[in-house]
J.: 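Below you will find the structure I want to go over with you.
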Amino acid sequence: MENETQMTQYLKSFAGIEDGQIVTGTVVQLNNDYVLVDVGYKSEGRIPVSEFIELPQLGDKVNVTIIKKEGSGGQVIVSKKKAEAKEKTEQLKKAAEEKTPVLGKFSKVIKGGYEVDLGADYKGFCPLSKADVNRVTEPESLVGKTDYFIIDKFHTGSKPKSVVSRREYLERKIQENKKKFFDTVQIGDVVEGEVKSFTSFGAFIDLGGFDGLLHINDMSWGHVTRPKDFVKKGQVVQLRLINIDPETQKINLSLKHMEADPWTTFEQRYQVGDVITRPVTKITTFGVFIEIEPGIEGLAHVSELSWTKKITNPKDILNIGDVVNAKILGYDLDKKRVSLGLKQLMENPWDTINERYPEGKVLKAKVVKITNSGAFLELEDGIDGFLHIDDVSWTKKIKNMDQFCKVDDVIEVVVSRVEPENRRIRLSVKALNGNPWQTLKKDYPKGSTITGEISDVSDFGVFVKVIGDIEGLISKYNLVGPDEEYTDDVLESYKEKVGQPISAVVVDINPQTQKLNLSVKELIKKNQESEMAKYMADEKVEDDTYNPFADMLKKD
């Protein structure tokens, strides 16, 4: 009777349990094969150990599905795995309806996209275009990655018929992050981001799916040439927010503002005249940039590199990384500029140029350059003297300098003028000898007769070469006597006399302008007067009697 009563109570304990029902049981016993779970109603179910990833402890709660309930003293057959699958079905179905994110893992690459493990043997399909917000160039790179997905289409079963989208979840998350960012941050705040990509004007920083710009000018207080010298791709950096515009969604970040501006305290550390020893950071055609300290660079202009050398490209004498000595010549804190000089730490050879090259010094020098107006001769390293084309000869008219000398010719010259303030030295060849024009003027003053050789005949007169290779001109109207009338035949007749000697009177001589004017007319007139004076002197000797005609000539 007692046994019958116990059996009746046991069977009544199954009254509320149905096959397929999910119930919560308590772990009451464990062994190597099974976990016994008390599902209530004085019944225990057995769960194979293989259904657990981690074995539970006594007293732990476990959800199970009732597979079968046995009578006549039998045990309840339960399944933890089926309970999880049923729960997962309801969870995924609800997530699909409400568009809430579910956790999944890219398990493998299949045609057109990925198979995604959603748990409890549920598989989903994620098209390649919906795997990320950015274009996926290496599909294998996402395999094994766990993230949230939005279910676009839900199907039960183990085959990947459900369509999921990670991109939709990421876009939603980005918008949430972006809204939170614009709602909470203020200018001056420090934010954290990952360096995403570079451009010529800076770097883009990923702030959580949306970008902020780190401009090249905001990377350092000093001069920046390459953004990659300050941040690296993939690097997580802290930056200060310096500008934000909710309307345009633009965000400007700064690396240099993470530290105090060194320019504000520049004058506390440096003064004009200070000498620094620092590396060259950049070389341009107009000069070199030198790092004074992190964030501050100075410029040594090309004209401040050498006292004597004409440097067209600083790369010829300096390299990036060279450590040099430089003097601070000046600075402008408003424009954040510092002027430096290298040559100021060297002796200026022009300060003693007059001692080495006094005017009148005769020397030999090599021609290093020829121009239309003259030639440059190297006097010493970095210092050239200039020989003007007009200083080659007193008498010869040189049209092209290369008629007189060539590059690398060594010629004798005399220093004619030194201008240290302008860094100029004038040289002369003709000054090696005396000025023939002065000699000519002294020996043949105005009114004297000179003899030369006809060198040329032009439309306006006859050229005559006299002593010292000086050339004078007899104008065509001075080729005939005072009582003769000039005709073109007269000038024509002289063309046949080129090379023949001729005498004429010096009408004018000017050494400064190097002009000599001669006249045959004056010579004829001079000879006539001489003959007349001689005739009158002879008449007086032969006859001392009164002669009215002679008196008249004397008066004339």
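Throughout, numbering of the chain's residues begins at 1 and tracks the sequence.
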J.: Pair up each side-chain donor or acceptor in residues 462-483 with any protein partner under 3.5 Å, not counting sequence neighbours, and list the distances.
T.:
unit_1: E471; atom_1: OE2; unit_2: S455; atom_2: OG; d: 2.6
unit_1: S475; atom_1: OG; unit_2: N478; atom_2: ND2; d: 3.0

J.: Is a donor on one side and an acceptor on the other found under 3.5 Å between the side chain of K343 and the backbone of S303?
T.: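 It does hold such a pair.
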J.: Throw together a table of side-chain donor-acceptor distances under 3.5 angstrom for residues 291-300, partners on residues two or more places apart or in other chains.
T.:
unit_1: E291; atom_1: OE1; unit_2: R278; atom_2: NH2; d: 2.8
unit_1: E293; atom_1: OE1; unit_2: R269; atom_2: NE; d: 3.0
unit_1: E293; atom_1: OE1; unit_2: Y270; atom_2: OH; d: 2.8
unit_1: E293; atom_1: OE2; unit_2: R269; atom_2: NH2; d: 3.0
unit_1: E297; atom_1: OE1; unit_2: H223; atom_2: N; d: 3.2
unit_1: E297; atom_1: OE2; unit_2: T281; atom_2: OG1; d: 2.7

J.: Should we count CG of N422 as having more than 12 external heavy atoms under 6.0 Å?
T.: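 Atom CG in N422 is packed in, count exceeds 12.
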J.: Answer yes or no: is there a donor N or O on one side and an acceptor on the other, between the side chain of Q514 and the main chain of W394, under 3.5 Å?
T.: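 A pair under 3.5 Å: yes.
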J.: Can you give me the closest heavy-atom contact between D391 and R426, atom names plus distance?
T.: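 Looks like OD2-NH2, 2.9 Å.
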J.: Using atom types as modelled and distance alone, determine if a side-chain donor or acceptor of Q249 lies under 3.5 Å from a backbone N or O of P246.
T.: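 Judged by distance alone, yes, a pair lies under 3.5 Å.
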J.: Could you give the distance from OG (S416) to CD (E359), rounded to the nearest 0.5 Å?
T.: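 Going from OG on S416 over to CD on E359, the span is 7.0 Å.
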J.: Hey, could you give me the CZ/OG distance between R135 and S129, rounded to the nearest 0.5 Å?
T.: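 Rounded to the nearest 0.5 Å, the CZ-OG separation comes to 11.5 Å.
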J.: Could R226 and D229 be called an ion pair, given the rule that one side-chain N must be under 4.0 Å from one carboxylate O?
T.: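 D229 and R226: salt-bridged.
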J.: Using the test side chain to side chain donor-acceptor pair (under 3.5 Å), find all partners of E304 that sit at least two apart in sequence or belong to another chain.
T.: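 Partners of E304 by the side chain to side chain donor-acceptor pair (under 3.5 Å) criterion, ordered by chain and then number, come out as Q344.
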J.: Is there a donor-acceptor pair under 3.5 Å between the side chain of S428 and the backbone N or O of A431?
T.: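 Yes, S428 side chain to A431 backbone: donor-acceptor pair under 3.5 Å.
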J.: V506 pairs by side-chain contact (heavy atoms from CB on, under 4.5 Å) with which of L440, I450, L523?
T.: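 In the set L440, I450, L523, the residue that makes a side-chain contact (heavy atoms from CB on, under 4.5 Å) with V506 is I450.
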J.: With under 30° as parallel and over 60° as perpendicular, where do the rings of F210 and F181 fit, or are they tilted in between?
T.: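 Correct class here is perpendicular.
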J.: Could you check whether K515 pairs with D508 (Lys NZ or Arg NE/NH1/NH2 to Asp/Glu carboxylate O, under 4.0 Å)?
T.: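 A salt bridge is absent here (no side-chain N lies under 4.0 Å from a carboxylate O).
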J.: According to side-chain hydrogen bond (donor to acceptor under 3.5 Å, both in side chains), does anything in residues 308-329 pair up with another residue at least two apart or in another chain? List the pairs.
T.: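 Only T277-N325 qualify under side-chain hydrogen bond (donor to acceptor under 3.5 Å, both in side chains).
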J.: For the residue pair V272 and L329, what are the closest heavy atoms and their distance?
T.: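 Reported closest heavy-atom pair: CG1-O, 3.6 Å.
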J.: The test is side chain to side chain contact (heavy atoms under 4.5 Å, CB included); show your working for M219 and N217 and say whether it passes.
T.: CA-CA 6 Å; M219 290 185 171; N217 294 334; over 6 Å; no
J.: Ion pair present between D189 and R240, side-chain N to carboxylate O less than 4.0 angstrom?
T.: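 No, no charged N to carboxylate O under 4.0 Å.
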J.: I'd like to know if the side chain of T199 reaches the main chain of G202, judged simply by a donor and an acceptor atom lying under 3.5 Å from each other, with no hydrogens or angles considered.
T.: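 Judged by distance alone, yes, a pair lies under 3.5 Å.
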J.: Taking atom types as modelled, is there a side-chain donor on Q500 or Y494 under 3.5 Å from an acceptor on the other?
T.: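 Checked: Q500/Y494 side chains show no N/O donor-acceptor pair below 3.5 Å.
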J.: Taking the side chain from N400 and the backbone from D402, do they hold a donor-acceptor pair closer than 3.5 Å?
T.: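 No; judged by distance alone, with no hydrogens or angles, the pair does not exist.
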J.: Can you tell me how far CG of L427 sits from CG of L363, rounded to the nearest 0.5 angstrom?
T.: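 It is 6.5 Å, given to the nearest 0.5 Å.
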J.: Run the numbers on I389 and K399 for side chain to side chain contact (heavy atoms under 4.5 Å, CB included), then give the verdict.
T.: CA-CA 8 Å; I389 196 169; K399 295 182 179 180; 5.9 Å; no
J.: Which heavy-atom pair separates S254 from M258 by the least distance, and what is that distance?
T.: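 For S254 and M258, the tightest heavy-atom pair comes out as O-CG, 4.0 Å.
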J.: Any side-chain to backbone donor/acceptor pair from D332 onto K335? Under 3.5 Å, distance only.
T.: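 Looks like yes, one N/O pair under 3.5 Å.
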J.: If I compare all heavy atoms of V133 with all of E171, which pair ends up nearest, and what's the gap?
T.: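 Closest pair (atom of V133, atom of E171, distance): CG1-CG, 3.7 Å.
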J.: Would a 4.5 Å heavy-atom cut-off, applied to side chains only, mark L239 and I205 as touching?
T.: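 Heavy-atom side-chain distance check passes, below 4.5 Å.
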J.: Go through it in stages, so that I can follow the logic: the residues are R417 and E419, the test is salt bridge (Lys or Arg N to Asp or Glu O under 4.0 Å), and I'd like the CA-CA distance, side-chain angles, deciding distance and then a yes or no.
T.: CA-CA 7 Å; R417 186 166 70 251; E419 301 176 10; 3.0 Å; yes
J.: Can you tell me how far CZ of R424 sits from CD1 of I383, rounded to the nearest 0.5 angstrom?
T.: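 Reported value, rounded in 0.5 Å steps: 15.0 Å.
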J.: Test of understanding: with salt bridge (Lys or Arg N to Asp or Glu O under 4.0 Å), list the residues that count as partners of K336, not counting sequence neighbours.
T.: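 Only D261 meet the salt bridge (Lys or Arg N to Asp or Glu O under 4.0 Å) criterion with K336.
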J.: Between V505 and L518, is there a side-chain heavy-atom distance shorter than 4.5 Å?
T.: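 Side chain of L518 against side chain of V505, heavy atoms only: no contact under 4.5 Å found.
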J.: Rounded to the nearest 0.5 Å, how far apart are CG of L379 and CZ of F386?
T.: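 Result: 13.0 Å between the selected atoms.
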J.: For E259, I'd like to know if atom CD has over 12 heavy atoms of other residues, nucleotides or ligands within 6.0 Å.
T.: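 No, CD of E259 has 12 or fewer neighbouring heavy atoms, counting only those of other groups under 6.0 Å.
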J.: Mind checking whether F204 and F201 have parallel, tilted or perpendicular rings, split at 30° and 60°?
T.: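 Aromatic pair F204/F201 classed perpendicular.
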J.: How about I411 and F404: do any of their side-chain heavy atoms sit closer than 4.5 Å?
T.: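 A side-chain contact under 4.5 Å exists here.
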J.: Ignoring hydrogens and geometry, is there a side-chain-to-backbone donor-acceptor pair from K361 to R356 under 3.5 Å?
T.: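 Present.
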J.: Answer whether the closest heavy-atom distance between the side chains of V368 and V407 falls below 4.5 Å.
T.: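 Not touching, per the 4.5 Å side-chain cut-off.
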J.: Could you give me the CA-CA distance, side-chain angles and deciding distance for E192 and V237, then say whether side chain to side chain contact (heavy atoms under 4.5 Å, CB included) is met?
T.: CA-CA 6 Å; E192 188 174 87; V237 292; over 6 Å; no
J.: Do T451 and S503 have side-chain N/O donor and acceptor atoms under 3.5 Å apart?
T.: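 Distance-only check passes for T451 and S503.
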J.: When you compare the side chain of L207 with that of I251, does any pair of heavy atoms fall below 4.5 Å?
T.: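 Yes, their side chains come closer than 4.5 Å.
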J.: Work out which heavy atom in L213 is nearest to a heavy atom in A203; give both atom names and the distance.
T.: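 Residues L213 and A203, closest heavy atoms: CD1-O, 3.6 Å.
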J.: Nearest 0.5 Å, please: how far is CG in L342 from CG in L305?
T.: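 The CG atom of L305 sits 6.0 Å away from the CG atom of L342.
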J.: Check whether K497 reaches the backbone of S493 with its side chain - one donor and one acceptor, N or O, closer than 3.5 Å.
T.: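 Checking the backbone N and O of S493 against the side chain of K497, no donor-acceptor pair under 3.5 Å is found.
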J.: How about CD on E138, more than 12 heavy atoms from neighbouring residues, nucleotides or ligands closer than 6.0 Å, or not?
T.: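 Not more than 12 within 6.0 Å, no.
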J.: Which residue pairs pass the side-chain hydrogen bond (donor to acceptor under 3.5 Å, both in side chains) test with at least one member in residues 404-414, sequence neighbours excluded?
T.: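 Found none.
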J.: For K233 and S197, test the side chains for any donor-to-acceptor distance below 3.5 angstrom and give the result as yes or no.
T.: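 Absent: no donor and acceptor within the cut-off.
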J.: Would a distance-only check, ignoring hydrogens and angles, find a side-chain to backbone donor-acceptor pair under 3.5 Å from W437 to Q512?
T.: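 Side chain of W437 to backbone of Q512: no pair is present.
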J.: Show, in sequence, the C-alpha distance, side-chain angles and deciding distance for V224 and F230, and conclude whether the side chain to side chain contact (heavy atoms under 4.5 Å, CB included) test is met.
T.: CA-CA 9 Å; V224 179; F230 292 85; 3.5 Å; yes
J.: Between K495 and E492, does at least one N-O distance fall below 4.0 Å, as a salt bridge requires?
T.: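 Answer for the salt bridge query: yes.
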J.: Grab the two heavy atoms, one from P349 and one from W307, that are nearest each other, plus how far apart they are.
T.: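 Here P349 and W307 meet closest at CD-CB, 3.7 Å.
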J.: I want to check something: taking the side chain as every heavy atom from C-beta on, are V413 and L432 in contact at a cut-off of under 4.5 Å?
T.: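 No, side chains not in contact.
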